[in-house]
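Taking it in order: structure first as C-alpha cells, then the write-up.
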Protein chains: 2
Amino acid sequence: MKKPTIKIIAKDAGVSEMTVSRVINNPELVSEATVKKVLKSMEKYNYKPKMIAKILKGRKSKTVGFLISSRQEFYISPFYGECIRSAATALKDFSLRTLSFNLLDTLSKSLFVDYANSGLLDGMIIFEGTFQEDITEVLRVNNIPFVYVGETFQENSDIVSISSDSYEGARKGMKYLINTGSKNICFVTGTGSKPSYIHRKQAYLDAISEANLEYQNVIETERSMMGGMLAAEKLIKQKEEINAVFCFCDVIAIGVIKRLQERGVTIPKEIRVLGFDNIPFAKYTTPALTTIAQDTEKMGMIAANSLLKLMFNEPLENTNIIVPTELIIREST
Amino acid sequence: MKKPTIKIIAKDAGVSEMTVSRVINNPELVSEATVKKVLKSMEKYNYKPKMIAKILKGRKSKTVGFLISSRQEFYISPFYGECIRSAATALKDFSLRTLSFNLLDTLSKSLFVDYANSGLLDGMIIFEGTFQEDITEVLRVNNIPFVYVGETFQENSDIVSISSDSYEGARKGMKYLINTGSKNICFVTGTGSKPSYIHRKQAYLDAISEANLEYQNVIETERSMMGGMLAAEKLIKQKEEINAVFCFCDVIAIGVIKRLQERGVTIPKEIRVLGFDNIPFAKYTTPALTTIAQDTEKMGMIAANSLLKLMFNEPLENTNIIVPTELIIREST
DNA sequence: TTGTAGGCGTTATCAA
DNA sequence: TTGATAACGCCTACAA
C-alpha cells in the first residue's frame, strides 16, 4: 500500500487539499463537521504529513541539534550525559525536539551540513570539543542560532558560551589539597590550548606560588582513562616526592588511581588524587573520587534557555556565562 | 545574502537547471567545458543542494538511524558505545551516514516518526531497550529495513536480531565460580522478562542444579549502579552464607562492589563479584571486575552488515544471530 | 468556511 | 550534450 498524501485524504473526505492542510495546522478555521470528516479519512489511511514537504515550504522543523564528539573510551563523554538531558528537557517545554550529531569524520559532518542547509535544524547546541570554523560558518549562512557549551570563548565574544569556572574551581581544589597538608602536588592535564586547560593550569601554578611551595610539576597526557594510566607511570618514578595529584578531569583521575594502585601505591595514604567534573562514575571508584563538580545540569538548562532567546530574538545580557563549581570531598584525598 | 538555489546557479552559468543538476549527480553526461563553467558558478555562490528537495523527489537520504535509550546514570548505556561505533564504521564503507535517536518521551518519538515518514531514513538499527510495536510499524509502513541489536527475538523470527549468547556466557561464568570454590552464589538481575534476563537466570539455576549446590538466591533490582547498591544492601544481611555474587551486568556489579566495600566486605576475599558485558569501566574498578565480555564491536559490525543485506535485498541466512561471549578474569573474583 | 493557483528546490522524462 | 516540462507533498496568498 502506497503512502497516503494530502491529495488522497482530500479526495476521500471530499474536500480540497487546503482544507485538509487547515485541519492539520489551523483546525479552528474549519467547520466542526468538516474537521471530523477529514480526521476520519486521515485515520482511515493512517495519514502522516511529510515533514520535509512542510520544511521545503518554509516551515520550521521544531528541532534543535546537539553537536558532540566521541573520545576514546566513550561514545559520548560521560560528562555530557546530564547536560544533554537537561537541555533537552528545557527545550521540550517549547515543543522543540532534539537530535545528536556525532562528529566523527567527513561523512558524519556531511550529514550535519546537509541538515543545516535543508532547514532541518532551528538551533544548535555545540559541545566542547566540536567547535570548528567551517561548522559555525554553515550555521551562520543558514541563520541557525547556536550556543557553545563546556568551554569559554575569549576573543569571539559575540559567540554565546556556557562553561564552568575552571580557574575558581581549580583554585578551590588546590586550596583544599594545600590546606590539608599536601606540599608536592602534581598537575596532570590534557594536551592543547583551550581556555579550560589554560585556566586550570594557571590556577594550579598560582596556588603553588601563593602558598610558597617549591614543588611544581605538570604532566600532559591524553584525555582518557588510558591517558591517566600513562601519566601515572611517569608519576611512579617520582613517588617519593609527590603527595598529591590534581587531574584535569575525572576520566584521567580514574586511570591515574588505577595505575598507581597497580603499582602498589596506597590512595590517599601515599598519594592523594583529585579530579574535576564529577562524572556519574566518580563516586563508584575505590577509593571514591574527590573532585570539583561541574554543574552540568545547570549548564544544559542555561544553554537551552540562551539558545531559546537567540531563536526568539530576545536580548541576552551576557554572552560569556560562567557557572560555579563545587568541591566534593570523597575518599581519594 | 539569500541562499543560492539551482536556479541561480543555472542563470549564472548560462545553462538550464537540469544541466546544473547533471553536473552534481552525473557529470559524465555533461561536456567538460560546461562542467567547469557550472562548478565555477557553484563555487562562486557557495551553492549546496538542498537534501530535502532531493528526497521529496524520491532520492535516498543515504542515512541510517540508531534508536537508543537512556538509562538512569548514563545518556547512552556504556555498553553500546563500541557497538554504535563499529556499526557506523561498517556503514561508512557504503557512504551511509548515521544518526542517533534517543527515545526519551513522546516528543522525541515524534521526531523519529517524522523522519521515518519523510524518507530521511534508509535503514535502522534498533538497540536493546527501545523496541516498541508502534515503532516497527512505522518502519514497516515506510519500507525501512531494520535490525535489532542486543536482545534475541524468540517468536517474531522474521525480525533480524543480533545478540550475545546469554545462556552460554552465564554458564561459563557460573562454571568458573563453582570450579574455583564458590558454593553459595547469588544472582542479582534486573526486573523484566526479556530473553537475556530469562537466559542468564536459567543458566544460573541450571549451573546450581548440575553442581548439586543447595544455595540459590535471585535478587531483582534496577539496572543501574544505584540498583546494584540497593541489591548489595540486601546481600549484607546474608553476608555469612554468600561466597559470590553473579550480576546481570557490569553496571549493577559496580554498585554491588561499592556498597559491599562501604559495609566493610572485602572483595573478593569475603565475597566474589562477577559481572556481564565488559564495559570500558570494568577494568578500572578496584578490584578490577571479572566479567563475561560481550563482543560489542562484532555485534555492531554484524548489525551493520545484516542491515546492508536487507537494504540491498540480499539474502540473509539467519535472522537470529548469536555472538559468543568470553570470560574475562580480573580481580573481583 | 472553503477552494484555486502557484511555488518551495530538486530531478525524471522526454524531446531536441 | 542540453533543455523544457511536470512532478514530489505541502502550504501561502488570494479569491469565492
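Every chain is numbered from 1 and lettered A, B, ... according to where its sequence line falls, protein lines coming before strand lines.
- Side-chain N/O atoms of B:S108 and B:N102 include no donor and acceptor closer than 3.5 Å.
- Within residues 50-64 of chain B, the residues that place at least one heavy atom under 4.0 Å from DNA chain C are, in residue-number order, B:K50, B:A53, B:K54, B:K57, B:R59.
- Using a 4.0 Å cut-off, no side-chain N or O of A:S16 falls inside it from OP1 or OP2 of C:dT4.
- Within the structure, every side-chain polar atom (N or O) of A:T19 is placed at least 4.0 Å from both OP1 and OP2 of C:dT2.
- In this structure, A:F312 and A:F94 have tilted ring planes: the angle between them lies in the 30° to 60° band.
- Between B:T5 and C:dG9 there is no side-chain polar atom (N or O) within less than 4.0 angstrom of OP1 or OP2.
- Taking the nucleotide of DNA chain D with the nearest heavy atom to each of B:E32 and A:M18, the more 5' of the two is matched to B:E32.
- Looking only at atom types and distance, the side chain of A:S86 has no donor-acceptor partner in the side chain of A:T89 under 3.5 Å away.
- Comparing A:P49 and A:R22, the nucleotide of DNA chain D nearest to each residue sits closer to the 5' end for A:P49.
- Residue contacts shown for A:V20 are absent, as no nucleic acid heavy atom lies under 4.0 Å away.
- Heavy-atom contacts of chain B under 4.0 Å fall on DNA chain D between two terminal nucleotides, which in 5' to 3' order are D:dT1 to D:dG9.
- The distance between the ring centers of B:F101 and B:Y115 falls below 6.0 angstrom.
- The salt bridge (Lys or Arg N to Asp or Glu O under 4.0 Å) test with A:D114 singles out one residue from B:K62, B:R97, B:R59, and that residue is B:R97.
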